[in-house]
Amino acid sequence: MTLSAEDLLRILNAEKQLHSKLRFREKDHPDYEEAVCPVLCPEFPEANIQFVTHYHISRIPRKYSFVLLVQQKRCLALDVGPGRAHFNIRTGQVVTQTHWQKLPDMTYAEPDGRELTHWQWYKEFMEVAKIDYKDQYAAPKFDNVVEQSDLWNFDK
């Protein structure tokens, strides 16, 4: 299925649903874990949509990311505690802090200076991505006790 840039934007702005609970698995390196979950979009039932998240287990400050892929193309990304600077070609700005990237310009990184927990960033990402995520969250190893306690208060 080939999608136009307009279709990708329509999918990004459409209501979606996470199809399975997060299940983290070791990535290419033993200090990284990743979860890949299918995402359903009623407006585009044939589209291959995935939510991908990974985190660095032992790094302080914490580093993790959330990405929405449509047909393997990045449409929305949140990089929390990035390990490297991002250079915005359009503005000449160097972004070293947590930042968002989204269509139509995935080369532009929008800084976000908030200090949130993994659970809170997950919720923020899901709301921006318009993905229904109820009961699908799983805390990463690095903060399991603290992060899980947040689950009891969805209003945070």
Side-chain angles (χ1 to χ4, degrees), residues 1-20 22 24-29 31-133 136-140 142-143 147 150 156:
M1 172 181 211
T2 303
L3 297 171
S4 68
E6 184 179 289
D7 288 335
L8 293 175
L9 279 171
R10 285 179 48 216
I11 290 171
L12 181 59
N13 291 314
E15 296 296 322
K16 294 171 283 299
Q17 183 177 25
L18 205 58
H19 185 58
S20 63
L22 294 184
F24 287 103
R25 290 177 172 63
E26 187 175 294
K27 206 173 170 214
D28 302 336
H29 187 281
D31 206 26
Y32 282 88
E33 286 199 340
E34 176 180 70
V36 179
C37 298
V39 175
L40 304 175
C41 180
E43 285 185 48
F44 289 86
E46 300 300 315
N48 176 16
I49 308 170
Q50 293 179 313
F51 168 69
V52 180
T53 181
H54 75 272
Y55 68 93
H56 194 283
I57 296 169
S58 62
R59 184 176 179 267
I60 304 283
R62 298 293 182 214
K63 174 186 177 357
Y64 40 93
S65 69
F66 305 99
V67 179
L68 181 68
L69 298 174
V70 178
Q71 309 296 93
Q72 297 302 312
K73 293 181 181 143
R74 289 167 46 106
C75 292
L76 177 66
L78 172 61
D79 194 3
V80 179
R84 290 184 240 161
H86 181 96
F87 180 72
N88 281 330
I89 297 168
R90 198 167 27 122
T91 64
Q93 176 188 27
V94 175
V95 179
T96 58
Q97 67 195 68
T98 296
H99 60 272
W100 294 83
Q101 292 172 274
K102 57 183 143 182
L103 288 178
D105 185 2
M106 289 298 293
T107 66
Y108 179 74
E110 180 182 332
D112 191 327
R114 295 177 293 170
E115 296 290 328
L116 302 177
T117 65
H118 186 271
W119 163 243
Q120 291 167 325
W121 281 121
Y122 171 83
K123 278 184 12 180
E124 289 287 317
F125 184 89
M126 292 303 188
E127 288 167 14
V128 170
K130 295 186 166 109
I131 299 174
D132 179 6
Y133 57 88
Q136 305 297 4
Y137 181 75
F142 65 69
D143 249 356
E147 300 288 296
D150 264 350
K156 279 189 171 182

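Within the model, atoms OH of Y133 and CE of M126 stand 8.5 Å from one another, a figure rounded to the nearest 0.5 Å. Expressed to the nearest 0.5 Å, how far CD of E33 lies from CZ of R25 amounts to 10.0 Å. Atoms CH2 and CG, on W121 and L116 in that order, are 4.5 Å from each other to the nearest 0.5 Å. The distance from the CG atom of L76 to the CG atom of L103 is 8.0 Å, given to the nearest 0.5 Å. The distance from atom NE2 of H99 to atom CG of L78, rounded to the nearest 0.5 Å, is 8.5 Å. Between atom CD of residue E115 and atom CZ of residue R62 there is a gap of 13.0 Å, rounded to the nearest 0.5 Å.
R114 CZ: more than 12 foreign heavy atoms inside a 6.0 Å radius. Counting heavy-atom neighbours within 6.0 Å of E127 CD, excluding the residue itself, gives a total above 12.
By the ring pair (Phe, Tyr, Trp, His ring centres under 6.0 Å) test, F24 pairs with Y55, sequence neighbours left out.
Between P104 and L9, the shortest heavy-atom contact is N-CD2, 4.2 Å. Closest of all the heavy-atom pairs between D79 and P82 is OD2-CB, 3.3 Å. Annotation for L18 and C37: closest pair CD1-CB, 3.8 Å, computed over non-hydrogen atoms. D31 and H56 get closest at one heavy-atom pair: OD2-CE1, 2.7 Å. Between C75 and L8, the shortest heavy-atom contact is SG-CD2, 4.1 Å.
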Applying side chain to side chain contact (heavy atoms under 4.5 Å, CB included), run through T117 and Y122 and close with a yes or a no.
CA-CA 8 Å; T117 65; Y122 171 83; over 6 Å; no

Set out, in order, the CA-CA distance, both residues' side-chain angles and the distance that settles side chain to side chain contact (heavy atoms under 4.5 Å, CB included) for H19 and Q136, then state yes or no.
CA-CA 8 Å; H19 185 58; Q136 305 297 4; over 6 Å; no

For V52 and E34, what are the C-alpha separation, side-chain angles and deciding distance, and is it a side chain to side chain contact (heavy atoms under 4.5 Å, CB included)?
CA-CA 7 Å; V52 180; E34 176 180 70; 3.6 Å; yes

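Two residues are said to be in side-chain contact when any heavy atoms from C-beta on lie closer than 4.5 Å; Q101 and R74 meet this criterion. Looking at heavy atoms from C-beta onward, D132 lies out of side-chain contact with E15 at the 4.5 angstrom threshold. Considering only heavy atoms from C-beta on, Y108 comes within 4.5 Å of Q93 through its side chain. Annotation: side chain of I57 is not in contact with side chain of P140 (no heavy-atom distance under 4.5 Å). The shortest side-chain heavy-atom distance between E110 and K102 falls under the 4.5 Å cut-off. In this structure, E43 and I11 have side chains that are not in contact, with every pair of non-hydrogen atoms separated by 4.5 Å or more. Residues I131 and L68 meet the side-chain proximity criterion, which asks for heavy atoms closer than 4.5 Å. Using a 4.5 Å cut-off on side-chain heavy atoms (C-beta onward), D112 and Q97 make no contact.
For the pair T98 (side chain) and G113 (backbone), a donor-acceptor distance under 3.5 Å is absent. Here the side chain of H86 pairs a donor or acceptor atom with the backbone of T107 at under 3.5 angstrom. A donor-acceptor distance shorter than 3.5 angstrom exists from the side chain of T53 to the backbone of S65, with no hydrogens or angles considered.
A tilted orientation is assigned to the rings of H118 and F66, their planes being inclined by 30° to 60°. F51 and F125 have tilted rings, their planes meeting at an angle from 30° to 60° on a 0 to 90° scale.
F44 pairs with exactly one of Q71, R10, K16 by the side-chain contact (heavy atoms from CB on, under 4.5 Å) rule, that one being R10.
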